[in-house]
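What follows is a short report on a single structure.
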Number of protein chains: 2
Amino acid sequence: MPAQSTRDQIVEAADALFYESGLEATSFADIAAAVGISRGNFYHHFKAKDDILEAVIARRMERTRAMLDGWQAEGEGPRERILSFVHMLIANRTQIMDFGCPVGTLCSELAKLDHAAQGRATEIFGLFRDWLAEQMRALGAVDRAEMLALHLLAWSQGVAVMATAFKDEAFIRNEVAGIERWLASLPDFSQST
Amino acid sequence: MPAQSTRDQIVEAADALFYESGLEATSFADIAAAVGISRGNFYHHFKAKDDILEAVIARRMERTRAMLDGWQAEGEGPRERILSFVHMLIANRTQIMDFGCPVGTLCSELAKLDHAAQGRATEIFGLFRDWLAEQMRALGAVDRAEMLALHLLAWSQGVAVMATAFKDEAFIRNEVAGIERWLASLPDFSQST
DNA sequence: ACAGCACTAGGACAGTCGTCCTAGTGCTTA
DNA sequence: TAAGCACTAGGACGACTGTCCTAGTGCTGT
C-alpha cells in the first residue's frame, strides 16, 4: 500500500479530533500528538488553523460525494437509496450517541464562532439535500422534492441531537422505523397531490 | 426595581455568552467584560468555571420550568399547550438561525468535551420531554405519550439545526406547519390504536 | 467607635494557545 | 559531487487561559 502523506495524516487526524472534541477544543498540539510529528512541523503544510479546517471540510465533502455516488451506483430504486441514507443513523449509532452528527455539530459550532468557513460546512448539507431531492423526484414528488429532502435531513439531525443527549439507542431505532413508515407512505402522497 | 445582584449578573451574562459563542470559546475575561467587573472579582462568587456552568444550567432549568408552568396555567387544552411549545421555533427564529437551540447545542458541546455537567444539561430536555408527554397523555395517547414527546422534541431540534445551517426562515415556517398538521392528526391516531 | 465581613480591583502565577524562526535532515537533479 | 529543495524537529514569541493572592473598599452590628 502507498504510504499516506504527512499532509493527509494531519487532515485525517484533525477530522477525527474536530468531530470527537470540537473545533475550538482541539489544539495544534493535539493534532501533532495524534499524528506523531512536531508542533512546528505542520506549518510547512498548513499556514494557519483555518487552513486545516478548510482541508477537513474539503475531505468531508469528497468522502460524502463518494458515498452518495456509491449509493447511486448500486442500481436499486430511489426508495432503497434513501434507506441507505437513513440507515446511517443505525450504522453510526455509537459515534452519534457520543459525538452527534459530524456535519450538524460542525455547522452549529461554526455558527456560534461566527466563522468564515460556516458556508463551506453548510455545503456538505447541501450535497445531501440535493441528492435526496433527486431521489424524491425519482419517486414522483417533483414539486415537493426539495422540501421533502430538507424535511428528511432535519428529521435525521433531530434524531442525532436527541440520541447524543439521552444516549438512547432504542430511540434511534424507533425513529428510524418511523422514517421508514413515512417513506413508505410517500408515493401515495405524491400521487394524490 | 431591586438591583440585580452581581452573582445574578454574572450568571445572566454567562448564559447569553455560552449560548451565542459556545462554552469553550467563552472566557472569564469575556464574562467579566460583559458584566463590567474585574476578572479576579468573581472568584469570590464562583470557585471555578464549571461552577458558572452549573449555575447557568440551574438558571435555564428554573426558567424552563416557569415557562412550562405558565403554558400549563393558561387554561387551554393540551393541543394548544403543545402549540405554545412548537411556536417557540417561530418566536425565537432569529436567534435560532444565528446560534441554534440553546439546549441542543449545549448538550452537543458538552458531549464532545466529555463534560461532567452533560447529564445535568440533558435534564433540561427531560423537562420538555416530561411536560410534552403529559400533554400527549391528556390527548389520549397514553401508551405512546413519551415516544410522541421525544419525537416532537427531535423534530424541533432537527428544525433548529437545519435553520442554523441554512439560515432559512421559510424552512422553519414550513416545518412548523408540518408539525401542526401532524399534531392535528394525533387524536385520530390515538383512537385508532 | 470599632471589629468584622461581604465584596471588589488588579496583578501574579504557571500553563497553553496559535504562530514563527532557525537549524538540520535526506532525497532529487544536474 | 554539489546545489537545491521538500520536509522535519524543536524552541522562542507574545498573547491569553483559568486560577489564586493580596490589598483595599464600604457597609453591618455591637
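Every chain is numbered from 1, with letters handed out A, B, ... down the list of sequences.
- Judged by closest nucleotide on DNA chain D, Arg39(A) is the one of Arg39(A) and Asp50(B) placed further toward the 5' end.
- Remark: Glu62(B) CD is loosely packed, at most 12 non-hydrogen atoms of other residues, nucleotides or ligands lying under 6.0 Å away.
- Rounded to whole Å, atom C1' of dT17(D) lies 12 Å from atom CZ of Phe42(B).
- At distances below 3.5 Å, at least one donor-acceptor pair connects side-chain atoms of Arg93(A) with backbone N or O atoms of Ile90(A).
- For Asn41(A), the listed nucleotide lying nearest its side chain is dT8(D); candidates were dT8(D), dT8(C), dT19(D).
- Here dT8(C) presents its P atom at 4 Å from NE2 of His45(B), a figure rounded to the nearest Å.
- No side-chain donor from either of Gln95(A) and Glu20(A) sits under 3.5 Å from a side-chain acceptor of the other.
- At the phosphate of dT8(D), OP1 or OP2 sits under 4.0 Å from a side-chain N or O atom of Thr6(A).
- By the 30° and 60° cut-offs, the orientation of the rings of Trp155(A) relative to Trp155(B) is parallel.
- Taking the ring centroids of Phe171(B) and Phe166(B), they lie at or beyond the 6.0 Å cut-off.
- Within the structure, every side-chain polar atom (N or O) of Tyr43(A) is placed at least 4.0 Å from both OP1 and OP2 of dC20(C).
- For the pair Lys47(A) NZ and dC21(C) C1', the interatomic distance rounds to 17 Å; values are reported in whole Å.
- Of all nucleotides listed (dT19(D), dG18(C), dA9(D)), dG18(C) comes nearest to the side chain of Lys49(A).
- Closest approach to the His44(A) side chain among dG18(D), dC7(C), dT8(D) is made by dT8(D) (side chain taken as heavy atoms from C-beta onward).
- Computed from coordinates, the Ile37(B) CD1 to dA6(C) C1' distance equals 14 Å when rounded to whole Å.
- Of the residues in residues 14-36 of chain B, none lies under 4.0 Å from DNA chain C by heavy-atom distance.
- In the model, His151(B) has no side-chain atom that pairs as donor or acceptor with a side-chain atom of Asn174(A) under 3.5 Å.
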